[in-house]
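Only heavy atoms go into these numbers, but all of them, side chains included; no hydrogens, no water, no symmetry mates. So that the names make sense, note that chain A is the first sequence line, chain B the second, and so on, each numbered from 1.
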There are 2 protein chains.
Amino acid sequence: MELYSGYVNKLVDELAALPGIGNKSAQRLAFHLINLPEDKVQRIAKVMTEAKANVRYCRECYTMTDTELCPVCADPQRDHSTIMVVENVRDQAAYEKTGKYKGVYHILHGAISPMIGIGPGDLKVRELVERCAGDVKEVILATNSSLEGETTAMYISKLIKPMGIRTTRIASGVPVGGDLEYIDEITLTRALDGRTEI
Amino acid sequence: MELYSGYVNKLVDELAALPGIGNKSAQRLAFHLINLPEDKVQRIAKVMTEAKANVRYCRECYTMTDTELCPVCADPQRDHSTIMVVENVRDQAAYEKTGKYKGVYHILHGAISPMIGIGPGDLKVRELVERCAGDVKEVILATNSSLEGETTAMYISKLIKPMGIRTTRIASGVPVGGDLEYIDEITLTRALDGRTEI
């Protein structure tokens, strides 16, 4: 016999399928949601579907935005000839929070990982090369300092350097194995300042 | 300037307001949701609002159910004269998973906590006393062994015992498989006080 209502079980299953939410948290969340006022639950559901429906990739850098060009790419104050390549939007957010970086970004949406079958074709690599055909002076590779991040940086540098563009890698002030989004702003800034040619 | 789209920010805010979800997890979840196929996001939103709309309290025990009587209360095989009192539906689920308990439940939906202003009137205590007017032989108090849980158990026992109903409290002690050196002093003291002949 099922203890919970079928509606509760379905909700627990959906929540437990989300990243970082185990079965216990899913139950806790499900009961929390069910105990909320009905209009609040409907608002959360609406915000979720609206975000999905309206958020798209920026035409230039492939970050998530609800306009054709993201605020960074649309900003004439930013240095559009310097592109920082990051794995995902959270990593971009981490660098953006330092307030020290004045260039633009390129979001790969992942890193090369043969282990789980992710190749350059699954990432926004071709799009980066196309951007580099324009007026680009420097490409800063700010992928994570994990095996996948390093592989991705090497792969991209081999495509970009022959185009005569300065290609740099953020310094290993970032601890090896560390995930950019969890690193403090000072370390991120130091890693940026200490970038070297590769 | 806001880095993320307003839609993303709204979604992150809603998710971060849920229990046990911090700002980082909320960002991670938001991007995960936005990267899901549209029909999947709509399904999650639907499951959420449907659960809220259809799940109600069982007429007898106040667990969450989508029928008037929950499966346990509707089961003639269960011993309806033994009521186990628990703080919430997750605690009920934990006992139900043991498969050893054959009685029914009563869900208080919280515990007495003067610190955060929760009194007996905020819990399903009156409803328990009303149930006890019927054919009830034993009330097992299975609230948590926290200050709030103990207070609640004491409070309820003072209401139920004078009605001539056997009122018991689940044993408190060293958990099975627990290593003595990692167990707190209060638990060790309780385990000693509650020792039984072997």
Side-chain angles (χ1 to χ4, degrees), chain A residues 1-15 17-21 24-25 27-38 40-56 63-67 70-72 75 88-90 92-93 96-97 109 181-182, chain B residues 1-15 17-21 24-25 27-38 40-56 58 63-67 70-72 74-75 88-90 92-93 96-97 109:
Chain A
M1 191 192 343
E2 297 234 311
L3 175 62
Y4 296 148
S5 150
Y7 292 101
V8 176
N9 286 328
K10 265 210 267 183
L11 181 54
V12 170
D13 289 348
E14 290 290 355
L15 294 172
L18 298 173
I21 298 189
K24 286 262 181 236
S25 317
Q27 280 182 35
R28 192 176 284 268
L29 279 176
F31 290 124
H32 175 85
L33 287 168
I34 290 167
N35 278 326
L36 286 176
E38 182 133 17
K40 177 99 171 88
V41 175
Q42 272 163 358
R43 198 179 71 215
I44 299 175
K46 186 162 160 267
V47 163
M48 216 154 84
T49 46
E50 270 185 0
K52 174 61 198 172
N54 289 290
V55 176
R56 60 179 114 170
T63 192
M64 281 164 179
T65 176
D66 49 6
T67 44
C70 74
V72 173
D75 186 354
N88 58 51
V89 180
R90 297 187 304 275
Q92 176 193 14
E96 199 57 5
K97 257 193 277 175
H109 291 279
E181 70 173 303
Y182 294 111
Chain B
M1 190 194 338
E2 298 234 311
L3 175 62
Y4 296 147
S5 151
Y7 291 101
V8 177
N9 286 328
K10 264 210 267 182
L11 181 54
V12 170
D13 289 348
E14 290 290 355
L15 294 173
L18 297 174
I21 297 189
K24 287 267 181 221
S25 316
Q27 280 182 36
R28 193 177 281 271
L29 278 177
F31 290 125
H32 174 85
L33 286 168
I34 289 166
N35 278 326
L36 286 176
E38 183 134 16
K40 177 100 172 87
V41 175
Q42 273 163 357
R43 199 180 70 213
I44 298 174
K46 187 163 159 266
V47 163
M48 214 153 86
T49 46
E50 270 185 358
K52 174 62 199 170
N54 289 290
V55 177
R56 61 179 113 168
C58 168
T63 193
M64 281 163 178
T65 176
D66 48 6
T67 43
C70 75
V72 173
D75 186 353
N88 58 50
V89 181
R90 297 188 303 276
Q92 176 192 14
E96 199 57 6
K97 257 193 279 179
H109 291 279

**Message:** How long is the straight-line distance from NZ of Lys10(A) back to CG of Asn54(B), given to the nearest 0.5 Å?
**Reply:** 9.0 Å

**Test side chain to side chain contact (heavy atoms under 4.5 Å, CB included) applied to Val89(A) and Gln27(B), step by step** = CA-CA 10 Å; Val89(A) 180; Gln27(B) 280 182 36; over 6 Å; no

**Structural part of Ala53(A) lying under 4.5 Å from a heavy atom of chain B** = both

**Item:** Glu38(A) and Thr49(B), any side-chain heavy atoms less than 4.5 Å apart
**Value:** no

**Message:** If you count every heavy atom of other residues, nucleotides or ligands that lies below 6.0 Å from Lys24(A) atom NZ, does the total exceed 12?
**Reply:** no

**Message:** Using a 4.5 angstrom heavy-atom cutoff, name the option from Lys97(A), Arg43(A), His109(A) with the most pairs to chain B.
**Reply:** Arg43(A)

**Request:** Please state whether the side chain, the backbone, both or neither of Ser25(A) comes within less than 4.5 Å of a heavy atom of chain B.
**Result:** neither

**Prompt:** How long is the span from the NZ atom in Lys46(B) to the CE atom in Met48(A), to the nearest 0.5 Å?
**Reply:** 13.0 Å

**Asked** By side-chain hydrogen bond (donor to acceptor under 3.5 Å, both in side chains), which residues pair with Asn88(A), not counting sequence neighbours?
**Response** none

**Request:** Please flag which part of Glu14(B) lies under 4.5 Å from any non-hydrogen atom of chain A: side chain, backbone, both or neither.
**Result:** side chain

**Request:** Find out whether Glu50(B) and Leu11(A) are in side-chain contact, i.e. whether some heavy atom of one side chain is under 4.5 Å from a heavy atom of the other.
**Result:** no

**Message:** With a 3.5 Å distance limit and no angle check, can you tell me whether Lys52(A) reaches the backbone of Ile34(B) through a side-chain donor-acceptor pair?
**Reply:** yes

**Item:** Minimum heavy-atom distance Gly6(B)-Asp66(A), with the two atoms named
**Value:** N-OD2, 3.8 Å

**Greatest number of heavy atom pairs closer than 4.5 Å to chain A - which of Leu33(B), Thr67(B), Leu29(B)** = Leu29(B)

**Complete:** Counting heavy-atom pairs under 4.5 angstrom with chain B, the leader among Asp13(A), Ile21(A), Leu15(A), Ile44(A) is Ile44(A)

